[in-house]
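Just the heavy atoms: all of them, side chains too, but no hydrogens, waters or symmetry mates, feed the values below.
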Amino acid sequence: MSKVLKGGYENEFQKRFLKTFEKLAYRHSPWSVWSDFIFMSAISISSCLDESNREAREKTYQSIAKKYSGEELDLLASLLAVLVEALEVNPNQDFLGALYMKLNLGNDNTGQFFTPYHVCELMAKMTSVGKVEDWISVNDPACGAGGLLIAYANECRSQHVNYQTSVLFVGQDIDPVVGLMCYIQLSLLGCPGYVVIDDSIKNPIQSYDSKGLLPVMSERVWLTPVFFHSIWIYRRMVARLKLGDHKPQGEVPEVKA
């Protein structure tokens, strides 16, 4: 484990996360632990509300869980608890992205390197949020762990824009692990929207409306919990009505009472 760790700990949450991670990496490879943690965490979040993909994703979860002992599953749950606490204390960070690079898990063959978060902050500040009359949508077609989208959410907060009700966050990445890292962090930060796991060049995100409210649904689309908030349900209803005779098939599932 220590051979793949780049540098020391940047804060107490990184230290706690990596100490727990090290216990799991004693019997499993670091990449397997990271990948399994990401998939299980993402599925746990998704299964709460996304009924359309729940059954298939739960099967994936159970398949992964079989690789670990009861004690190890508790350690994986502890990793998620640390992540939740870290983002609660400081939402203005790319916690998973920083750890991913620190653990040297990036794919060198594809030139995978996440934009440092301070650069993401600068880019977000250069993109003026301005006055939001109703709502806007933002898209990152190579989202990685979500650093740019996270920075934009924090820039909205600094400009007194409630991104939970006023911004739709859309991300896409060809790598399922890093794409789900983005999904997890957007979900925990309360960002409404979704992440698509696919090649943004060959298969860019498709939506039935121009602003991305009605994505073409598949198992590759991961909807964040806040996307099921009543205000976004209402907006999708209005968007479907505006489509008239061109109503989508397999549209975004709604929360059932």
Before giving the answer on side chain to side chain donor-acceptor pair (under 3.5 Å), spell out for Asp198 and Gln172 the whole-Å C-alpha distance, their side-chain angles and the decisive distance to 0.1 Å.
CA-CA 7 Å; Asp198 211 336; Gln172 181 169 356; 5.0 Å; no
Excluding sequence neighbours, so at least two apart, what forms salt bridge (charged side-chain N to carboxylate O under 4.0 Å, His left out) with Lys242?
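If we apply the salt bridge (charged side-chain N to carboxylate O under 4.0 Å, His left out) test to Lys242, skipping adjacent residues, there are no hits.
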List in chain and number order the residues that pass salt bridge (charged side-chain N to carboxylate O under 4.0 Å, His left out) with Asp140, two or more places apart in sequence or in another chain; answer none if no residue qualifies.
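With sequence neighbours excluded, Asp140 shows a salt bridge (charged side-chain N to carboxylate O under 4.0 Å, His left out) to no residue whatsoever.
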Step by step, work out the ring-ring contact (aromatic ring centres under 6.0 Å, His included) result for Phe13 and Phe95.
CA-CA 9 Å; Phe13 295 108; Phe95 187 80; 7.2 Å; no
Checking the side chain of [X] only, and the main-chain atoms of [Y] only, is there a donor and an acceptor separated by less than 3.5 Å?
X      : Y      : value
Asp173 : Gly144 : yes
Arg220 : Val196 : no
Lys211 : Trp135 : yes
Ser158 : Glu155 : yes
Ser44  : Met40  : yes
Asp209 : Leu213 : yes

Not counting sequence neighbours, which residues clear side chain to side chain contact (heavy atoms under 4.5 Å, CB included) with [X]? List them please.
X      : value
Arg157 : Pro91, Asn154, Tyr163
Leu122 : Met126
Ser78  : Thr20
Ile38  : Trp34, Leu96, Val177, Leu180, Met181, Ile184

Pairs where [range] contributes a residue and the test salt bridge (charged side-chain N to carboxylate O under 4.0 Å, His left out) is met, not counting sequence neighbours:
range            : answer
residues 32-43   : Asp36-Lys67
residues 68-87   : Arg16-Glu85, Arg27-Glu72
residues 142-152 : none

Can you pull out every ring pair (Phe, Tyr, Trp, His ring centres under 6.0 Å) where at least one residue sits in residues 35-67? Sequence neighbours excluded, please.
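For residues 35-67: Phe17-Phe37.
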Audit row: Val178, Tyr183, side chain to side chain contact (heavy atoms under 4.5 Å, CB included) steps and yes/no:
CA-CA 9 Å; Val178 300; Tyr183 169 75; over 6 Å; no
Quick check: closest heavy atoms across Pro141 and Ser200, and the distance to 0.1 Å?
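Heavy atoms of Pro141 and Ser200 come nearest at O-OG, 3.0 Å.
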Closest non-hydrogen atom pair between Ala145 and Asp94, with its separation
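Looks like CB-OD1, 3.5 Å.
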Just checking, any donor-acceptor pair under 3.5 angstrom between side chains of Arg57 and Ser46?
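Note: Arg57 and Ser46 side chains meet the donor-acceptor criterion.
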Any chance the side chains of Glu121 and Asn92 put a donor and an acceptor closer than 3.5 Å?
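Their side chains do contain a donor-acceptor pair, which is all the 3.5 Å distance test asks for.
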Which residues end up grouped with Leu148 if you chain together Ile, Leu, Val, Met, Phe, Trp and Tyr wherever their side-chain heavy atoms are less than 4.5 Å apart?
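Leu148 shares its hydrophobic cluster with Val119, Met123.
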Less than 4.5 Å apart, side chain to side chain, heavy atoms only: is that true for Phe21 and Pro30?
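Yes, their side chains come closer than 4.5 Å.
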Any heavy-atom pair between the side chains of Leu76 and Leu73 that's under 4.5 Å?
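Yes, close enough: below the 4.5 Å cut-off.
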Determine, stepwise, if the pair Val167 / Asn162 fulfils side chain to side chain contact (heavy atoms under 4.5 Å, CB included).
CA-CA 8 Å; Val167 183; Asn162 185 349; over 6 Å; no
Around Glu58, counting heavy atoms of other residues, nucleotides and ligands shown, do more than 12 lie under 6.0 Å from its CD?
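Yes.
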Among Ile45, Thr224, Leu223, Ile43, find the residue that satisfies the side-chain contact (heavy atoms from CB on, under 4.5 Å) test when tested with Asp50.
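Among Ile45, Thr224, Leu223, Ile43, the one meeting side-chain contact (heavy atoms from CB on, under 4.5 Å) with Asp50 is Leu223.
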Membership question, hydrophobic clusters at under 4.5 Å side-chain separation (ILVMFWY): are [Y] and [X] in the same one?
X      : Y      : value
Ile174 : Val216 : no
Leu80  : Val226 : no
Leu18  : Met101 : yes

Within 45 degrees of the axis of the six-membered ring of Phe227 and under 6.0 Å from its centre: does Arg236 put its NZ or CZ there?
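Judged by the rule, Arg236 and Phe227 form a cation-pi pair.
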Gap between atom CG of Leu87 and atom CG of Leu189 - 0.5 Å precision:
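Reported to 0.5 Å precision, the distance equals 5.0 Å.
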ring-ring contact (aromatic ring centres under 6.0 Å, His included) partners for Tyr68, two or more places apart:
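Residues passing ring-ring contact (aromatic ring centres under 6.0 Å, His included) with Tyr68: His28.
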Start with the C-alpha gap between Leu186 and Val195, add the side-chain angles, then the distance that decides, and say whether side chain to side chain contact (heavy atoms under 4.5 Å, CB included) holds.
CA-CA 9 Å; Leu186 291 183; Val195 175; 4.1 Å; yes
Step by step, would you call Trp222 with Tyr194 a ring-ring contact (aromatic ring centres under 6.0 Å, His included)?
CA-CA 5 Å; Trp222 293 73; Tyr194 50 91; over 10 Å; no
Run the side chain to side chain contact (heavy atoms under 4.5 Å, CB included) check on Trp232 and Leu168 step by step: do they pass?
CA-CA 9 Å; Trp232 293 102; Leu168 177 69; 4.0 Å; yes
